[in-house]
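Per chain, numbering begins at 1; letters A, B, ... match sequence-line order. It should be emphasised that the depicted structure is a prediction, and the values quoted were computed from it without experimental measurement.
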Amino acid sequence: MSLKLYNSLTRTKEEFKPAKKGRVGIYVCGPTVYGHAHLGHAKSYVSFDVLTRYLRYLGYDVTYVQNITDVGHLTDDADEGEDKIATAAKKEKKHPMALAEFYTRSYFEDMDALNCIRPDISPRASGHIIEQIELVKILLEKGFAYEVNGSVYFDVSKFKDYGKLSGRNIEEMRAGARVKPSPDKRNPVDFALWKKAEPNHIMQWPSPWGPGYPGWHLECSVMAMKYLGKTIDIHGGGLENQFPHHECEIAQSEAANGVPFARYWLHNNMVTVDGQKMGKSLNNFITLKQAFSGSHERLTKSYSPLAVRQLILNSHYRSPLDFSDAALFAAQSGYEKITETVKAVRKRAETTGKDKADEKITEQLEQLREKFEVAMNDDLNTSVALSVVFEMVRLANGLLGGANTTAETFSAVDDLFSKLGGDVLGIIKGEYGNLTNASDIQRYELAISGLVELRNKARREKNFAISDEIRKILGSAGIVLEDKPDGTTWRFR
RNA sequence: GGCGGCGUAGCCAAGUGGCCUAAGGCGACGGUUUGCAAAACCGUUAUUCGGCGGUUCGAAUCCGCCCGCCGCCUCCA
């Protein structure tokens, strides 16, 4: 039984074997930091986060590189528009680097909330200008590129394999081209490696071809090569980047190095909101910060970051995902169900003894783990993997209802919860706290437990009018009471 | 116009030739439990997989046509 991944390059599921035994290098196209991250970013980066988490679970030593694009990504036509960062910086009246820094921090904040493990390396495009210039030089020397008016373009006609990833050929593209070709380019499908900067362009660097800045595709080739070698194991990214971005990365890298750029190409599908492509003009553009706070007119409430994560993992990474308030609501309920069970299991696992875990249960757990791995091995079927976690929830709740389960058995259950739902899927936390500030917790707990005690006194005296009133008051503050055989507990709704 | 994908219960979603008289979640309903609740547990909720034909002993799964939706081809994760 081994991991199979769908390779866009061959359009088939292939058994995954890294080039070096036991070690995996992954490069994923990161965000262009000119705005807050949105639901689309979440699907992409949660998907690749689960990939790296699962590879680590399988015992691989993974190096995960995900770039930050802070220069060179143009608006409009690939080679004619303005730099996205520069445009946003003008609007916000900030230095481009300040703007990039601001949104980089915002991005990490959101990804942390989604429980995405930080990449091992988060290289910035602007920090690799020298390397990018070097690559352009090599491509010029080898005759794959040409210089015109201080800009350098890649000559697509020189690279036979162009189109192999996206299944296109140059003739078709030329026929269907909607963009008017730049007069500098020999061929409309040629793309910019280095762009000449006008004097008022803030983001510019000296180069052998005069002051300028790198083309967008160049950074990924350079940084992947620098940190992972000339041939990387896995290259990931969004489906919309398959063409032209990834196609251009392949062309540049393979033309320069003469060896395959990436062995496995993985592409995640797109996100829609209420059935439509997410776009600023459609008023369905939802940032992660808006989803977490519920501050968007399409959302009826705020959603936990991990509920967003769970919704993403509820479907396959290669399927499109439609975000809607109803779907998020369902994910939130399911997420809370898992969370409450895990918390209860951990509480029962605290009282350690010398007993052994129930063998019948550990056998069941082992079967569940196997089912989970079979699902994940099949091109990361997180939907089925998640269903295994729910099966564990039902098993655990059954044990919680009974009286004879040992702490050791609960500990075994928690162990598997932590591995599968925690380490791999990232929807179960290592620790849960109702509030972040310790002294706040004490004060709230004191107040709430006082009211609970008062209510129980009323209940003992059969004064249910008073007891119901207290529960109602706490309920309106979002605190739910649960009367159980061993006492009353409370939790936040 | 070119290329690709999708259509499974009220909603989300897995399954892609026989183990499917189709996982799992949400919602709804009934039961157990409870002073009443909440939570949990048990049960019910698609004889059917957009429609129509075909291939096959056998199809949600393969083929054809039709209908509907979406994406890429221009920046987007």
Side-chain angles (χ1 to χ4, degrees), chain A residues 11 28-32 34-35 37-48 73-82 84 87 163 166-169 171-173 175-180 216 236-245 267-272 275-280 310-311 314-316 318-338 340-341 344 371 375 378 381-391 393-394 396-398 400-402 459 462-464 467-468 471-472 475 480-485 488-491 493:
Chain A
R11 272 153 251 258
V28 172
C29 289
T32 300
Y34 66 106
H38 51 69
L39 295 172
H41 293 101
K43 175 164 165 83
S44 184
Y45 299 126
V46 166
S47 300
F48 290 113
H73 198 161
L74 305 181
T75 60
D76 303 325
D77 173 276
D79 302 320
E80 294 304 313
E82 285 195 75
K84 287 184 162 193
T87 306
S166 52
R168 293 155 207 263
N169 65 60
E171 297 313 312
E172 271 171 14
M173 286 186 284
R178 278 198 266 149
V179 207
K180 44 181 183 308
W216 172 42
L239 196 57
E240 83 291 342
N241 274 336
Q242 192 175 50
F243 185 89
H245 184 53
H267 290 98
N268 67 277
N269 216 313
M270 313 283 288
V271 157
T272 54
Q276 279 183 302
K277 180 179 167 153
M278 194 165 65
K280 283 183 173 149
Q310 186 163 310
L311 176 58
N314 186 228
S315 67
H316 192 89
R318 282 193 291 118
S319 303
L321 169 60
D322 186 43
F323 275 95
S324 62
D325 191 63
L328 277 163
F329 193 94
Q332 179 77 40
S333 298
Y335 168 67
E336 284 170 10
K337 181 175 177 163
I338 294 171
E340 290 308 317
T341 299
K371 186 174 173 187
D378 182 18
N381 190 336
T382 52
S383 185
V384 170
L386 186 59
S387 80
V388 171
V389 175
F390 276 107
E391 281 185 56
V393 167
R394 208 181 320 138
N397 281 331
L400 287 163
R459 289 173 71 213
K462 307 265 182 216
N463 190 345
F464 296 123
S467 66
D468 285 351
R471 185 171 57 198
K472 205 173 143 196
V480 183
L481 299 187
E482 293 174 352
D483 296 329
K484 294 172 180 169
T488 303
T489 62
W490 61 270
R491 64 180 170 86
R493 187 170 51 228

Between the base of B:rA77 and the side chain of A:S47, is one N or O donor paired with an acceptor at under 3.5 angstrom? no
Distance-only donor-acceptor test, A:D483 side-chain atoms vs B:rC36 base atoms, 3.5 Å: yes
Heavy-atom check, side chain of A:P31 versus side chain of A:Y45, under 4.5 Å: yes
Is it the case that the base of B:rG35 and the side chain of A:D468 share a donor-acceptor contact (distance under 3.5 Å, atom types as modelled)? yes
Using a 4.0 Å heavy-atom cut-off, does A:N314 contact any base of the nucleic acid, only the sugar-phosphate backbone, or nothing at all? base
Base of B:rG5, side chain of A:R318 - is there a donor-acceptor contact under 3.5 Å? no
Would you please classify the geometry between the A:H41 ring and the A:H38 ring as parallel, tilted or perpendicular, with 30° and 60° separating the classes? tilted
For a 4.5 angstrom cut-off between non-hydrogen side-chain atoms, does A:H267 reach A:R318? no
Please give the distance between the P atoms of B:rC26 and B:rC73 as a whole number of Å. 38 Å
Base, sugar-phosphate, or nothing: which does A:G40 touch, judged by heavy atoms less than 4.0 Å apart? base
How is A:F464 classified with respect to the nucleic acid when contacts are heavy atoms under 4.0 Å: base, sugar-phosphate, or nothing? base
Does the B:rC36 base have a donor-acceptor partner in the side chain of A:R471 within less than 3.5 Å? yes
